[in-house]
There are 2 protein chains.
Amino acid sequence: MISSIAELISDRIGTMPAGERRAAQTLIANYPLTGLKTVAEFSAAAGVSSPTILRFVARLGFQNYPEFQSALQDELAAQLQSPASRTLDPSSTGGAVSPMLEATLDNMRETFRHLSDKQLADIAARLAERRGKTFLIGGRFTDPLARYMAAHLAIIQPDVYHLAGQESIWRDRLIDMGKRDVLVIFDIRRYQESLVRFAEKAHHRGVQIILFTDQWLSPIARFARHVIAGRTAVPSAWDSSAALFVVAETLIGAVTRQLEAAGAKRIRDLESLR
Amino acid sequence: MISSIAELISDRIGTMPAGERRAAQTLIANYPLTGLKTVAEFSAAAGVSSPTILRFVARLGFQNYPEFQSALQDELAAQLQSPASRTLDPSSTGGAVSPMLEATLDNMRETFRHLSDKQLADIAARLAERRGKTFLIGGRFTDPLARYMAAHLAIIQPDVYHLAGQESIWRDRLIDMGKRDVLVIFDIRRYQESLVRFAEKAHHRGVQIILFTDQWLSPIARFARHVIAGRTAVPSAWDSSAALFVVAETLIGAVTRQLEAAGAKRIRDLESLR
DNA sequence: CAAAATACGTAACATACGATACAGCGCTCC
DNA sequence: GGAGCGCTGTATCGTATGTTACGTATTTTG
């Protein structure tokens with residue numbers, strides 16, 4: 001049963017030649033707006049020629065382009081009249097994907113429910129005050145999150161370092177850390193021994209630790225000044241770091257806002273360096 | 001302050017002559033669909049003549065009919081991109097949580113709404129079939145996502161490589177790529193020249209490209225076999241990659257499920273290696 | 001009540017839009 | 001490696017669309 005044109009497309013997109021597939025993808029990307037424009041605009045957006053667009057709609061089973069547009073408009077009309085039914089109710093998608101998404105969304109709500117605005121503001125403030133250096137590090141699967149956060153923070157303020165590579169390398173960086181510095185650690189199950197040892201040593205040197213972990217709390221929590229506990233359970237073989245990722249983005253945004261004045265100047269300076 | 005065209009109309013409907021008022025009313029009645037149709041259809045629906053419609057849109061301040069339609073489409077685009085689902089479930093979040101989170105949740109729902117189960121299943125199947133090698137690479141801020149995905153995929157199957165470091169390094173890896181291989185690219189605004197060039201060359205070598213991008217589609221979409229367009233807009237100075245992150249996790253889960261038998265054995269082997 | 005002004009529709013016009021024919025190119029399959 | 005097929009873009013064509021001019025109807029005002 002094919003109800004919407006979007007389904008029709010994703011059903012046949014596999015059998016389409018390259019050019020028409022581009023058309024399909026650009027249409028899906030911001031559905032259904034591109035389809036309401038003229039053939040010329042559609043083709044320009046997709047980077048193909050007009051005839052390809054027409055062949056595309058022909059393959060979908062429409063006699064001509066206006067007929068295709070009418071179908072899109074009808075669909076849009078039905079959709080606008082019942083706005084509530086449009087926002088993804090769990091039953092409509094049905095497939096194996098939906099439970100994963102639902103669980104992830106729940107995780108985020110839960111994570112933020114246990115996270116007060118004040119707590120986030122405090123952490124952001126600590127990251128924004130430029131007394132010392134900021135170091136970031138993560139575990140096997142969470143190190144990309146540390147990288148992601150470092151990439152953003154490094155733009156709006158100086159002295160941001162992501163600790164990468166072999167353990168011996170970042171262990172030696174301990175020598176540079178002191179009580180004015182901040183260490184952001186990502187560590188979820190199964191907690192890594194090496195990270196715990198590293199955190200302990202940093203803690204003894206007076207470094208303030210901000211820990212991103214799961215709801216069962218990494219042993220590093222003992223040494224941490226701030227602990228962010230995210231929900232990670234999803235119906236999959238793996239744990240999900242998505243909630244922690246969103247917290248990280250939220251913090252990045254908050255820090256950016258606090259450093260607005262200084263940060264804006266810094267960004268301009270960076271731009272001029274290219 | 002007049003924001004939407006609907007407001008503009010209801011603001012001036014009092015000063016309009018009878019015919020144009022009928023036009024206004026029929027447009028408001030099922031807004032904005034009637035305005036997207038042709039002048040002839042609009043006039044028929046309103047029971048007036050074509051020139052009356054044109055005089056109507058002229059009175060609203062538009063130079064010509066196409067300009068009026070474009071304005072309607074822009075409005076519709078903005079509306080579709082940020083669904084007002086906030087009003088739907090204020091209960092679940094419990095009140096004044098950061099607008100950042102709400103926007104992120106919306107982005108995810110929207111992203112998955114434009115993403116069919118079949119599409120995801122196709123991509124997962126392509127990643128699971130072990131004919132060739134799998135390469136992953138990302139842009140300035142999205143490379144951590146590539147890393148994250150690579151870290152997981154590399155555990156359940158062989159020949160998974162994350163392309164890191166300087167451009168010249170991964171450019172040389174092109175020599176190892178062929179038509180049996182898959183290249184996963186993350187690229188959101190502002191799109192990186194180097195990535196586009198790399199994608200183009202890989203494409204010419206017959207490599208199948210799976211692209212993670214934003215709703216405005218990186219130019220790499222021209223070469224991509226599969227395109228995943230995620231929503232990135234959040235109330236922050238930065239774009240959000242969270243939706244793409246969740247799609248990545250979903251794919252990781254799907255691939256893992258498909259490789260369950262082979263993957264489980266591989267994981268056991270890995271365990272015994274420690 | 002008359003006269004003017006405004007509003008509206010009919011009909012002709014020009015533009016630009018969608019459709020089609022054709023040629024070049026790349027790809028696949030012997 | 002060569003022949004065949006299928007896909008894609010360029011150029012051209014017919015037409016539907018938006019636009020305008022003009023005449024008639026309707027309302028408004030002195």
Side-chain angles (χ1 to χ4, degrees), chain A residues 9 12-27 32-73, chain B residues 12-27 32-73 131-132 177-181 200-209 219 221-225:
Chain A
I9 292 172
R12 305 197 183 171
I13 197 171
T15 69
M16 290 182 187
E20 299 179 27
R21 194 162 45 229
R22 276 179 232 156
Q25 282 156 349
T26 40
L27 175 57
L33 240 124
T34 314
L36 297 178
K37 299 183 182 293
T38 66
V39 175
E41 287 173 304
F42 191 164
S43 66
V48 297
S49 68
S50 323
T52 301
I53 300 297
L54 297 174
R55 281 188 283 262
F56 164 66
V57 303
R59 190 183 297 266
L60 292 179
F62 297 98
Q63 293 299 321
N64 47 28
Y65 195 71
E67 184 181 302
F68 162 72
Q69 286 190 321
S70 296
L72 280 179
Q73 288 180 3
Chain B
R12 303 194 186 175
I13 198 172
T15 70
M16 290 181 186
E20 299 180 27
R21 195 175 311 144
R22 292 185 65 182
Q25 282 159 349
T26 42
L27 175 57
L33 216 94
T34 315
L36 297 178
K37 299 183 182 293
T38 66
V39 176
E41 286 173 306
F42 193 165
S43 67
V48 297
S49 69
S50 319
T52 301
I53 301 297
L54 294 174
R55 280 188 284 262
F56 164 66
V57 302
R59 189 184 299 266
L60 292 179
F62 297 99
Q63 293 298 321
N64 48 28
Y65 195 71
E67 184 180 302
F68 163 71
Q69 286 190 321
S70 295
L72 281 180
Q73 287 183 2
R131 296 193 320 181
M177 304 187 190
K179 48 186 57 175
R180 309 168 75 87
D181 302 329
E200 185 172 10
K201 282 172 191 148
H203 174 66
H204 276 125
R205 293 186 66 88
V207 181
Q208 283 201 12
I209 294 179
R222 293 179 48 88
F223 315 117
R225 184 79 172 74

Exercise for review: Look at B/Thr38 and D/dA16 and indicate whether a side-chain polar atom (N or O) is within less than 4.0 Å of OP1 or OP2.
Suggested key: no
Check your understanding: Out of curiosity, B/Met16 CE to B/Leu60 CG, how far, rounded to the nearest 0.5 Å?
Key -> 5.0 Å
Check your understanding: Considering residues at least two apart in sequence or located in another chain, which fulfil the ring-ring contact (aromatic ring centres under 6.0 Å, His included) criterion with A/Phe62?
Key -> A/Phe68
Review point. Counting any heavy atom closer than 4.0 Å, what does A/Ser49 reach on the DNA or RNA strands: base, sugar-phosphate only, or nothing?
Key: base
Review point. If you look at every strand shown and take non-hydrogen atoms under 4.0 Å, does B/Pro17 touch a base, only sugar-phosphate, or nothing?
Key: sugar-phosphate
What's the [atom1]-[atom2] distance between [X] and [N], to the nearest Å?
| X | N | atom1 | atom2 | result |
| --- | --- | --- | --- | --- |
| B/Lys179 | C/dC27 | NZ | P | 8 Å |
| B/Asn64 | D/dT20 | CG | P | 9 Å |
| A/Phe62 | C/dA19 | CZ | C1' | 17 Å |
| A/Glu67 | C/dA19 | CD | C1' | 14 Å |
| B/Phe42 | C/dG9 | CZ | P | 13 Å |
| A/Gln69 | D/dA16 | CD | C1' | 13 Å |
| B/Arg55 | C/dA7 | CZ | P | 9 Å |
| A/Phe68 | C/dC17 | CZ | P | 17 Å |

Exercise for review: Please work out which of the three classes, parallel, tilted or perpendicular, describes the rings of B/Phe42 and B/Tyr65, given edges at 30° and 60°.
Suggested key: tilted
Revision key, fill the gap. Walking DNA chain C from its 5' end, the first of A/Ser50 and B/Glu20 to be reached, judged by nearest nucleotide, is B/Glu20
Revision key, fill the gap. Picking from C/dG18, C/dG9, D/dG18, the nucleotide nearest the side-chain atoms of A/Leu54 would be C/dG18
Exercise for review: Specify the residue among B/Pro66 and A/Arg59 whose closest nucleotide of DNA chain D lies further upstream toward the 5′ end.
Suggested key: A/Arg59
Check your understanding: Pick the nucleotide of DNA chain D nearest each of B/Arg222 and B/Tyr65; which residue has the one closer to the 5' end?
Key -> B/Arg222
Revision key, fill the gap. B/Ala46 and B/Thr26 have their tightest heavy-atom pair at CB-OG1, 3.4 Å
Exercise for review: Step by step, work out the side chain to side chain contact (heavy atoms under 4.5 Å, CB included) result for A/Phe56 and A/Val48.
Suggested key: CA-CA 11 Å; A/Phe56 164 66; A/Val48 297; over 6 Å; no
